[in-house]
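Since the structure comes first, as structure tokens, the remarks are kept for the end.
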Amino acid sequence: MPWLLARDPSCAGERVLSLRGAGRPRAAGFTDLSREQPLRASSRFCVFPSRDHTDPGAGMGGRSGLPVRVLWMLHAFLDLAGSQEIYAPGVPGTPCGDIKKENGIHRLEAMMYALDQINGDDELLPNVTLGARILDTCSRDTYALEQSLTFVQALIQKDTSDVRCTNGEPPVFVKPEKVVGVIGASASSVSIMVANILRLFQIPQISYASTAPELSDDRRYDFFSRVVPPDSFQAQAMVDIVKTMGWNYVSTVASEGSYGEKGVDAFMQLSREAGGICIAQSLKIPHDHKSSDFDKIIRQLLDTRYARAVILFASDEDIRGILNASKRADQVGHFLWIGSDSWGAKNSPIQHLEDAAVGAITILPKRATISGFDAYFTSRTLENNRRNVWFAEYWEENFNCKLMSSSKKDESSRKCTGQERIGIDSKYEQEGKVQFVIDAVYAMAHALHNMQRDMCPENSGICPEMEIAGGKKLLKYIRSVSFNGSAGTSVTFNRNGDAPGRYDLFQYQWNNVTGLGYRMIGQWTETLQLHKEDMQWPRGEQEIPTSVCSLPCKTGERKKVVKGMPCCWHCEPCDGYQFQPDEFTCKLCSYNMRPSANRTFCQPIPIIKLEWHSPWAVIPVFLAMLGIIATIFVMATFIRYNDTPIVRASGRELSYVLLTGIFLCYIITFLMIAKPDVGVCSFRRIFLGLGMCISYAALLTKTNRIYRIFEQGKKSVTPPRLISPTSQLAITSSLISVQLLGVLIWFGVDPPNTIIDYDEQKTLNPDLARGVLKCDITDLQIICSLGYSILLMVTCTVYAIKTRGVPENFNEAKPIGFTMYTTCIVWLAFIPIFFGTAQSAEKLYIQTTTLTISMNLSASVALGMLYMPKVYVIIFHPELNVQKRKRSFKAVVTAATMSSRLSHKASDRPNGEAKTELCENVDPSSKYLTPHAGGAEHHLS
């Protein structure tokens, strides 16, 4: 293929290629090297495609009638500049290092391939041929800045007014050809440096690989456009990947420079906006790095071991350095790499480091393999590709052979034969950015085509208006282009010159058929589509590995976030009656609620009451039923034998009152256990103290009457007042009325009601908490209600003590005394039990059972001691239930008094002697028949 390599004016003393072909004149400043050895690759040469219409087989097939593209024919020609990274950065002191086979040569050839395609297309830019001036940037921004000055030399005006040659004539300067646009660069840091120069001279620039978000600033880089999406889209895709994988604690590693630093900045900014992602560490790889720098980075990453996911915005060399360092640290498989498009699906960053890259997720702008380029590139040989001055060195590296004496290869390397073939004698895989290089060239061509169509409608080729239009006009056309690119996808630019975000997602994994390689696992076009089922993980992990600072808290545990690190937290349980309204808060349930089993909400505390089937209720109910039966039996017996001497001598009126009180004492048990409601609570208030009040009022009246009778007898034979049955009932009723008045006042001050007491059984364990349904009666109110009855009981006990000396044949003083002593013991035991269990969780049961049993025992003691002996005689010994000799009040009192006086001397006589003398032939066993003081009113006026 005939090509011209135009010599850069700054390349004085360098050899350059000329147009090769029979009979072609040699242009000034060019050397015919067609029969010389291939040249050492240099970054100071400019490649121009040429068409010779006399050679129909040249290039892609020359256009008939087109002018021959040689240096001295300038019309219908547009010069594009190419900024390529042919070489890697050199060691300190040298600008360039080793040649980059994929990123360099593939992309350079892709630009030439695109130019061939465009120049061979009669529909696109008819009668206009595109050429290229390609410079190597050596992946260094400072070196690229120096090289980019050659693009703008044609636009720099030189003042030659005071410059003269030796003969006095003014010098003649050869002005370099004007560059209409620049394709490149690859690295973002290089593009930024070049863009700052080009904008000064209004030269549009289209990059095929620079993705730094900074370049989206249309105010600073207004002449910059790109056919790849910016890293802000890529960073968003990475954020979506991290969140989808459930990772919230990641580290970032960036190469020093705009691409790496700005990419990481974009990721961190988007992760903050998205929330839920924390950056464990953000590390930077120095520009002039050493292997120890990578080892240090790995050690720093291991300081936060739980942050296994690592975001990489790094160059190929830096990626290799990181993977190498992870192998040296024996951490292969620990880190989960997420590589940016600089890694993509390339083999160069992981060559001989495949095991360290297994499981890595990489991102690459959506692309397709260009089959036409594969056919073109694999057909390149040393003979047909002399236009590429770096191709010879690529040939040596690709086939590992030595081509020339000045080669960098060892002397031991084999000689290249020139018959080697790409893809046959060496491995070949199309580099990932080839599509975008082609699209960038086509975007410039379409912009020029539209510009030519609008500005030169009547001319075939370039008209003067187009030549003077300038870069600002061309930029307008670049931003408005829209066409289907080499992969069939639409190529457009937004107002900032960015391409839309379309990414393919890859994972480096093992395949049983093909071995290690990249596998597409999803894509990102505004939203993430990830196929998790297609993913594999290092170390044979089946589940998605974790990269979290803290494991999720269990249900019922809140997160206590570490200050400044929202993804790190300590789990604290919501205890007691707290529930968890959200993951960060524990709140206390309301007083009538308790937390659910998983503490996610509150639920009502169960309501309980003393049930009939409860053991706490069964015993009191059983005793009460026995007592009620016994009381009814005694009452029925007394009614049946109402006119017999024993019943009459017992004081029938007060006996029935006393039995009624005993009956009510038993009945209160059922009211205390019944389900509380307003009616039950009302009856509780009435009968709680009424039964005891009636019982002890009657007993007090009896003991008081006995006491007054015998006290009066010591002074006079006149009976005391108010000892008649009617008087006794009146006294008893007045005593009972005090209790009823108190209850009436209680009703007025505090109407009866039911309450649910949640404090009584609010245990430390909320699962055991219960609300107690009960009457609105406090412990103090219970004691107050019983207090009057207890006062009567104590008073009655005092009288029982005072009348203890009265002979038992004549009164009920001693049985009443025993009754009251026993009752006092019962209630003395009741008080500490009742109040001592006030804080117990079983308070409801203990206090109710204690109260009811105490009342049952009190009633049973009175019933048993006062009435059972009488009933026994009435039923089983009716012969003893007969009237005895009547005596006057004076005789009874005198006998009783004498008995009292002589009771202290009873020990001097045989037992019962005194009684026998006083009772005058009364059988000692007839104490139940003797006219007691209690029955004297029936016989004495």
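- Asp767 meets the salt bridge (charged side-chain N to carboxylate O under 4.0 Å, His left out) test with no other residue; sequence neighbours excluded.
- Under the salt bridge (charged side-chain N to carboxylate O under 4.0 Å, His left out) criterion, Asp750 pairs with Arg685, not counting sequence neighbours.
- Scored by the side chain to side chain donor-acceptor pair (under 3.5 Å) test, Trp827 finds Ser858 as partners (sequence neighbours excluded).
- Listed by first and then second residue, the disulfide (SG to SG under 2.5 Å) pairs involving residues 629-699 are Cys681-Cys775 (not counting sequence neighbours).
- Every residue was checked against the side chain to side chain donor-acceptor pair (under 3.5 Å) condition with Thr823, not counting sequence neighbours, and none meets it.
- Pairs passing the disulfide (SG to SG under 2.5 Å) check and including a residue from residues 550-580, sequence neighbours excluded, read Cys278-Cys567, Cys549-Cys568, Cys553-Cys571, Cys574-Cys586.
- Scored by the salt bridge (charged side-chain N to carboxylate O under 4.0 Å, His left out) test, Lys774 finds Asp757, Glu760 as partners (sequence neighbours excluded).
- Within the structure, the ring pair (Phe, Tyr, Trp, His ring centres under 6.0 Å) test picks out the following pairs touching residues 623-676 (sequence neighbours left out): Phe638-Tyr867.
- Looking at residues two or more places apart in sequence or on another chain, you find a side chain to side chain donor-acceptor pair (under 3.5 Å) between Thr669 and Asn856.
- With sequence neighbours excluded, the residues that form a salt bridge (charged side-chain N to carboxylate O under 4.0 Å, His left out) with Arg558 are Glu572.
- Legend: residues meeting side chain to side chain donor-acceptor pair (under 3.5 Å) with Ser596, ordered by chain and number and at least two apart, are Asn598.
- Applying the salt bridge (charged side-chain N to carboxylate O under 4.0 Å, His left out) test to every pair with at least one member in residues 580-607, sequence neighbours left out, gives these pairs: Lys559-Glu583.
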